[in-house]
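Counting starts at 1 for both ligands and their atoms, following the listed order.
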Amino acid sequence: MKPISLTRYLIQEQHAGRINADLRLLIEVVARACKTISIAVGKGALGGVLGDAGTPGAQSMNIQGEAQKKLDVLSNDILLEANAWGGHLAGLASEEMDHSQPIPDAFQRGNYLLLFDPLDGSSNIDVNISVGTIFSVLRCPDDVTSPGDEHFLQPGTAQVCAGYTTYGPSTMLVLTVGHGTHAFTLDREVGSFVMTARDMRIPEETKEFAINMSNQRHWEAPMQAYVGDLLAGKEGPRGKDFNMRWVASMVADVHRILTRGGVFFYPIDAKCRDKGGKLRLMYEANPMSFIVEQAGGAASTGRQRMLDVVPTGLHQRVPVMLGSRAEVEAAVAYHARHDAAP
Ligand code: FDP
């Protein structure tokens, strides 16, 4: 059968009553913005877009206190501009902005809230390694016309759509509207996303894990014990050898897991304990957890299902464990045993 385009897939979902016209339009607009980002990322040094934002000696910083890259700022601007005037959104929030923004009065307002990490994996931008965009869509509460930060603080279970784009050897969009996880590859000549994987399934078991091992000495005891047992391989209690991969772009690591299985960890450690973790709940953990669960995987903080976390802040950080179900459950069990010990 001829592969279908993203547009056709979305129309089919609308006709099946799984999304409405506004959500379809919203996803189309985000996908179009991601194509523009893909072009900028693809040009690399030729586009003059590599390197840090700001001026030498006056480095531009985001709300998280992290140095911004030119492409972080550009991608954020592309997504903001594309989504402001479509009429399907009530407000937007970005990892790169201090606060959410209601849609300006000059434009029509819709019923959805969009959150995004415009360019995830910033440290890989300048070295030509895959980076990506992550997004999440929530409903704006019924009685709210001009949403503030507090209206975005909904648990991951409230998401109506989540997706990411990975800008790698090919540009891919992976999407869920709560009925499976599907992948689309950008046909650069035609300029449209074409479905290349329907109903992605993450294998339940795996022998591959992703973690930044350089933080090992800072982890909590249950994480030390769990990874210690993975490293012990065939001779250890797990009775099998594990392989390790760490791209350090969450989108690329999650994409590998969706494609061939594996587990991804960014646990809490002594360095990020005060902040609650390294990765952001609203822009990274929740959308990726929705996508992973819809592909049969699991996602947890180590102590709670990720999608059940009730957010307390727009830029809240959390420990993240997601991927092949059996392996996430194994890691969670180490935490449960540790916490239950007298
Ligand atoms: P980055 O800081 O480069 O934007 O979102 C944060 C993130 O990348 C993830 O994409 C990635 O998985 C992780 O941080 C990398 O962390 P380390 O620098 O500790 O490897």
Which residue pairs pass the ring-ring contact (aromatic ring centres under 6.0 Å, His included) test when at least one of the two sits in residues 211-241, sequence neighbours left out?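 For residues 211-241, and leaving out neighbouring residues, the ring-ring contact (aromatic ring centres under 6.0 Å, His included) pairs sorted by first residue read Tyr226-Phe265, Tyr226-Tyr334.
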What pairs of residues pass the ring-ring contact (aromatic ring centres under 6.0 Å, His included) test when at least one of them lies in residues 135-170, not counting sequence neighbours? Tyr164-His255
Neighbouring residues of ligand 1, heavy-atom cut-off under 4.0 Å: Asp120, Gly121, Ser122, Ser123, Asn212, Trp246, Ala248, Ser249, Met250, Phe264, Tyr266, Lys278, Leu279, Arg280, Glu284
Is it true that the side chains of Ser324 and Glu204 contain a donor and an acceptor less than 3.5 Å apart? no
Asp241: which residues meet the salt bridge (charged side-chain N to carboxylate O under 4.0 Å, His left out) condition with it, sequence neighbours left out?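 Partners of Asp241 by the salt bridge (charged side-chain N to carboxylate O under 4.0 Å, His left out) criterion, ordered by chain and then number, come out as Lys234.
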In terms of hydrophobic clusters joined by side-chain contacts under 4.5 Å, are Val174 and Val194 together?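 No; Val194 is not reachable from Val174 via cluster members.
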Taking NZ, NE, NH1 and NH2 as the nitrogens, is one of them in Glu220 or Arg303 under 4.0 Å from a carboxylate oxygen of the other?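 Yes, Glu220 and Arg303 are salt-bridged.
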